[in-house]
Q: 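I have a structure I would like to understand better, so I am pasting it below and will then ask my questions one at a time.
Reckoned from all heavy atoms, side chains included, excluding hydrogens, waters and symmetry mates. All values reported here derive from a predicted model rather than from experimental measurement.
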Amino acid sequence: MTGKIPKYFINELILQTNIVDLIKSKISLKKTGRNYQTKCPFHEEKTPSFIVSYEKQFYHCFGCNSHGNVIDFLINYDGLTFVESIEELSILNNVCIPYQNNNFEIKKKYNIKKNLYHLMDNISNIYYKNFINKNSKKAIKYIKKRGINSKILNLFLIGYSNPLAMKKILKTQLKNFKKKDLIKAGIIKINYSGKIYNRFNHRIIFPIRDKHGRINGFGGRTLKKKIPKYINSPETEIFHKKKQIYGLYEIKKKIRKIKYLIVVEGYFDVISLTQFKIYNSVSILGTAYTENHIKILFNITKTIIFCYDGDQAGKNASWKTLIKSLPFLYGKRSIKFIFLPKNEDPDSIIKKEGAKLFKKRIKKSICMSKYLFQELIKKYNINTVEGKKNFIYYSISLINKIPSKTYKFFLYKYLGKKIGILDEYSLKKIFYKHTHINLKKEKKYSLMRVLISLIIQNPKLYKLTKNYLKFLNKKKKGMKIFLNIIKICNKNKNLNTGILLEQYRKKKIYHILKYLAKWENMISQKKIKKTFLEILTYLNKKFLNKKIEKMILKEKKIGLDNNEKKKLWKINKKLINLK
């Protein structure tokens, strides 16, 4: 645990969250017996090995060994931090996080975020009203020129920032907020002379929303001959450009099942495509395409189509995007590319051609493999020995980034055709390196290992331990862990595997306990209770027998006093009862 959020709250949060429902909202699950099953979202596989247990509130993949509770799933699937995953669960369960009083900084940070969301919502409303109330003739004229209708203005909450809007922000409608709040939100700056400077002055405003619909930042397009033409909010407590995707919330309002996503460069690209009823387009705010973007997009769809501007910068961005995406291509995932004519962008081309022709461009989008080899052949002259060598070397280095073995196989075959090597034996000799899989040796199958795995997988077994805990060897390896688990179970009556593991998250033993939580101890469900009691009985007998042996040895050497003889008698009696 971090100590920043109360343990009891995290336990309650995990208890309130059904892991099956949470995972079902992101990937499809099929009920098989007592559990739910699907293909693992974390690696490529042909047959489903990803299991979700309702009883244990725990997931486990037998293929890649990924496992954990609801918090672990959000961390691994959505790429969230531990605190972000708690915040996500609190939003889903409609509860507030009760930060501990002694963690003033954390509580303060939480309140800052809460206030910022409230502030951004208010400011967005002012920008929007400022635009639709016809107080901004230049902005209205510009939007009409771009062909944007009122429905789209409303969907994307497009607004306008000018001195009138800023006056409202500073004086009339935001009395509860201070100037420092507006600075934290990135709305205003204060220059060296102490004067207030409106960051978005005379700019069309594009509110940027997260997946819950909360406004966390703004984009601004200038109406003057100003550089830069577009700006975004600075980094704040709630706005992080490297994680932000514009248009994602709006898509989810329009489409339930998203077959593919079109990634474009600008705000108007997304807005224009949406107006032409091509609803599945998003933008990454003009920043470099990051791993966070890739994870978020592939969690929504299996196919991503990149459609950058038809200039050299757009072509360069496409190639960089391809290379960054390679490590994420497994399972049914794929990336494609649309290349527009010179000096065209999605906004301009759809207005010229219309939706039908643009949809044809989507259908004819170039697959990754074709684009990969097209570019490599341009770069290297495969008619020379040196060019062919460099072409092979660089091709292999890129293909090896792809985790999918099937994808790799066909790419190697395609590469072989390009360089004139057609027989499979020669291909294998050149391309496939011998790999030795270093499998971790299975740890010793000890009774303590079985005992701990049973209590972690079935926490309610703690109720059976009352008469056994006095006669256990506390020095035995693993016994302290077992007794600590029993102690935790006694304090928390409604424990399941997911909640139990959460008590150890920041402790060294956490990864061992996670391993034991999914460890196959080869005990059938019907025999779990019996086996648990048999192990406890055996360990009790072993401990008592050792005590008896010590006392008998002492009796032979120096003899026992009356108290010691009574003690020996009691131990023998206890041992007989156990038998």
Side-chain angles (χ1 to χ4, degrees), residues 111-146 148 152-210 213-242 244 246-247 265-268 270-271 283-287:
N111 288 329
I112 287 168
K113 281 186 176 183
K114 192 178 176 183
N115 289 335
L116 277 174
Y117 281 121
H118 184 49
L119 176 63
M120 298 299 263
D121 189 55
N122 276 276
I123 291 169
S124 177
N125 195 38
I126 291 168
Y127 286 149
Y128 179 68
K129 282 183 178 177
N130 184 52
F131 186 88
I132 61 169
N133 288 342
K134 298 181 180 179
N135 290 321
S136 314
K137 288 180 182 178
K138 283 185 181 179
I140 292 165
K141 190 180 177 182
Y142 179 80
I143 287 292
K144 281 183 179 177
K145 191 182 174 183
R146 299 293 298 240
I148 308 301
I152 295 296
L153 282 175
N154 184 49
L155 177 65
F156 288 94
L157 299 177
I158 296 168
Y160 181 58
S161 175
N162 61 1
L164 183 65
M166 188 48 59
K167 193 177 179 182
K168 286 180 180 178
I169 287 168
L170 291 169
K171 290 184 179 179
T172 56
Q173 294 189 21
L174 296 174
K175 289 176 183 177
N176 296 329
F177 295 98
K178 297 173 184 177
K179 283 180 186 176
K180 66 176 183 180
D181 296 318
L182 294 169
I183 293 166
K184 279 178 187 173
I187 304 301
I188 63 169
K189 283 181 176 180
I190 295 177
N191 63 18
Y192 294 111
S193 59
K195 287 184 179 179
I196 290 170
Y197 173 75
N198 177 5
R199 185 187 293 274
F200 294 103
N201 200 24
H202 296 295
R203 288 181 183 269
I204 301 287
I205 299 297
F206 307 94
I208 300 161
R209 294 187 270 198
D210 65 15
R214 300 176 300 184
I215 295 163
N216 52 20
F218 296 108
R221 202 276 183 199
T222 186
L223 289 179
K224 295 185 173 185
K225 289 180 181 179
K226 222 178 185 183
I227 294 173
K229 196 186 284 184
Y230 287 91
I231 62 167
N232 296 312
S233 290
E235 292 287 308
T236 68
E237 289 288 340
I238 59 172
F239 184 75
H240 308 286
K241 277 188 276 190
K242 288 184 178 179
Q244 195 63 51
Y246 180 72
E265 288 188 48
Y267 297 109
F268 277 114
V270 174
I271 290 161
S283 167
I284 54 172
L285 309 187
T287 57

Q: Please confirm whether the backbone N or O of Arg209 pairs with a side-chain atom of Gln244, one donor and one acceptor, at under 3.5 Å?
A: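 Between the backbone of Arg209 and the side chain of Gln244 there is a qualifying donor-acceptor contact (under 3.5 Å).
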Q: Closest approach of Leu116 and Asp181, non-hydrogen atoms and distance?
A: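 Nearest pair, atom of Leu116 first, then Asp181: CD2-O, 4.2 Å.
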Q: Mind listing the closest non-hydrogen atom pair of Ile208 and Gly219 along with its distance?
A: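 Smallest interatomic distance, heavy atoms only, reads CD1-N, 3.7 Å.
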Q: Looking only at non-hydrogen atoms, find the nearest pair between Ile143 and Phe131 and report the distance.
A: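 Taking every non-hydrogen atom into account, CG1-CZ, 3.5 Å.
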Q: Nearest 0.5 Å, what's the CG-CG distance between Asn125 and Leu157?
A: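 One finds 8.5 Å between CG of Asn125 and CG of Leu157.
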Q: Applying the side chain to side chain contact (heavy atoms under 4.5 Å, CB included) criterion to Ile196, which one of Ile188, Ile187, Leu182 satisfies it?
A: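 Single pass found, and it is Ile188.
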Q: In the structure I gave you, are the side-chain heavy atoms of Asn162 and Tyr160 within less than 4.5 Å of one another anywhere?
A: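 With C-beta onward as the side chain, the pair touches.
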Q: For Leu223 and Lys138, work out which heavy atoms get closest and say how close.
A: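 Minimum heavy-atom contact is CD1-C, 4.0 Å.
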Q: Please assess Tyr267 against Ile204 for the test side-chain contact (heavy atoms from CB on, under 4.5 Å), listing each intermediate value before the final yes or no.
A: CA-CA 11 Å; Tyr267 297 109; Ile204 301 287; over 6 Å; no
Q: If I compare all heavy atoms of Ala165 with all of Tyr127, which pair ends up nearest, and what's the gap?
A: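 Of all heavy-atom pairs spanning Ala165 and Tyr127, the closest is CB-CD2, 4.2 Å.
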Q: Carefully, step by step, assess Asp210 and Ile215 under the rule side-chain contact (heavy atoms from CB on, under 4.5 Å).
A: CA-CA 7 Å; Asp210 65 15; Ile215 295 163; over 6 Å; no
Q: Please determine whether side-chain contact (heavy atoms from CB on, under 4.5 Å) holds for the pair Asn232 and Phe200, giving the CA-CA distance in whole Å, both sets of side-chain angles, and the decisive distance to 0.1 Å.
A: CA-CA 9 Å; Asn232 296 312; Phe200 294 103; over 6 Å; no
Q: Please say which of Phe156, Phe218, Phe268 ends up in a ring-ring contact (aromatic ring centres under 6.0 Å, His included) with Phe206.
A: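 Per the ring-ring contact (aromatic ring centres under 6.0 Å, His included) rule, the option paired with Phe206 is Phe268, out of Phe156, Phe218, Phe268.
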Q: Is a side-chain donor or acceptor of Asn201 paired with a backbone partner of Tyr197 at a separation under 3.5 angstrom?
A: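 Here the side-chain-to-backbone pair does not exist.
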Q: With rounding to the nearest 0.5 Å, note down the distance linking NZ in Lys144 to CD1 in Ile140.
A: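 Reported value, rounded in 0.5 Å steps: 7.0 Å.
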Q: Once salt bridge (charged side-chain N to carboxylate O under 4.0 Å, His left out) is applied, do any residues pair with Lys113, and if so which ones, sequence neighbours excluded?
A: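 Here the qualifying residues are Glu87.
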Q: Give a yes or no answer on whether the side chain of Thr236 reaches the backbone of Phe239 with a donor-acceptor pair at less than 3.5 Å.
A: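 A pair under 3.5 Å: yes.
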Q: Do Asn198 and Ser161 meet the criterion of a side-chain donor-acceptor pair at a distance under 3.5 Å?
A: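 The criterion, which ignores hydrogens and geometry beyond distance, is satisfied for Ser161 and Asn198.
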Q: Distance from Arg146 atom CZ to Ile152 atom CD1, nearest 0.5 Å?
A: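 If we round to the nearest 0.5 Å, Arg146:CZ and Ile152:CD1 are 14.0 Å apart.
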Q: Would you compute the distance between atom NZ of Lys129 and atom OG of Ser124 and round it to the nearest 0.5 angstrom?
A: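 Lys129 atom NZ to Ser124 atom OG measures 11.0 Å (nearest 0.5 Å).
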Q: Start with the C-alpha gap between Ile205 and Asn130, add the side-chain angles, then the distance that decides, and say whether side-chain contact (heavy atoms from CB on, under 4.5 Å) holds.
A: CA-CA 11 Å; Ile205 299 297; Asn130 184 52; over 6 Å; no
Q: Quick check: does any side chain N or O of Glu235 sit under 3.5 Å from a backbone N or O of Lys241, one acting as donor and the other as acceptor?
A: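 Present.
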Q: Quick check: do Lys184 and Asn115 have side-chain heavy atoms less than 4.5 Å from each other?
A: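 Lys184 does not reach Asn115 side chain to side chain.
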Q: What distance do Ile183 atom CD1 and Ile190 atom CD1 have between them, rounded to the nearest 0.5 Å?
A: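 Going from the CD1 atom of Ile183 to the CD1 atom of Ile190 covers 3.5 Å.
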Q: Could you check whether any side-chain N or O of Arg199 sits under 3.5 Å from a backbone N or O of Gly186, counting only pairs where one atom can act as donor and the other as acceptor?
A: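 Checking the backbone N and O of Gly186 against the side chain of Arg199, a donor-acceptor pair under 3.5 Å is found.
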Q: List in chain and number order the residues that pass side chain to side chain donor-acceptor pair (under 3.5 Å) with Asp121, two or more places apart in sequence or in another chain; answer none if no residue qualifies.
A: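 For Asp121, no residue satisfies side chain to side chain donor-acceptor pair (under 3.5 Å) once neighbours in sequence are set aside.
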Q: Does any donor atom in the side chain of Tyr230 or Arg203 lie under 3.5 Å from an acceptor atom in the other side chain?
A: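 No, no side-chain donor-acceptor pair sits under 3.5 Å.
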Q: For Gly247 and Val270, which heavy atoms make the closest approach, and how far apart are they?
A: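 That would be CA-CG1, 4.4 Å.
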Q: Is there a donor-acceptor pair under 3.5 Å between the side chain of Ser283 and the backbone N or O of Glu265?
A: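 Yes: the side chain of Ser283 pairs with the backbone of Glu265.
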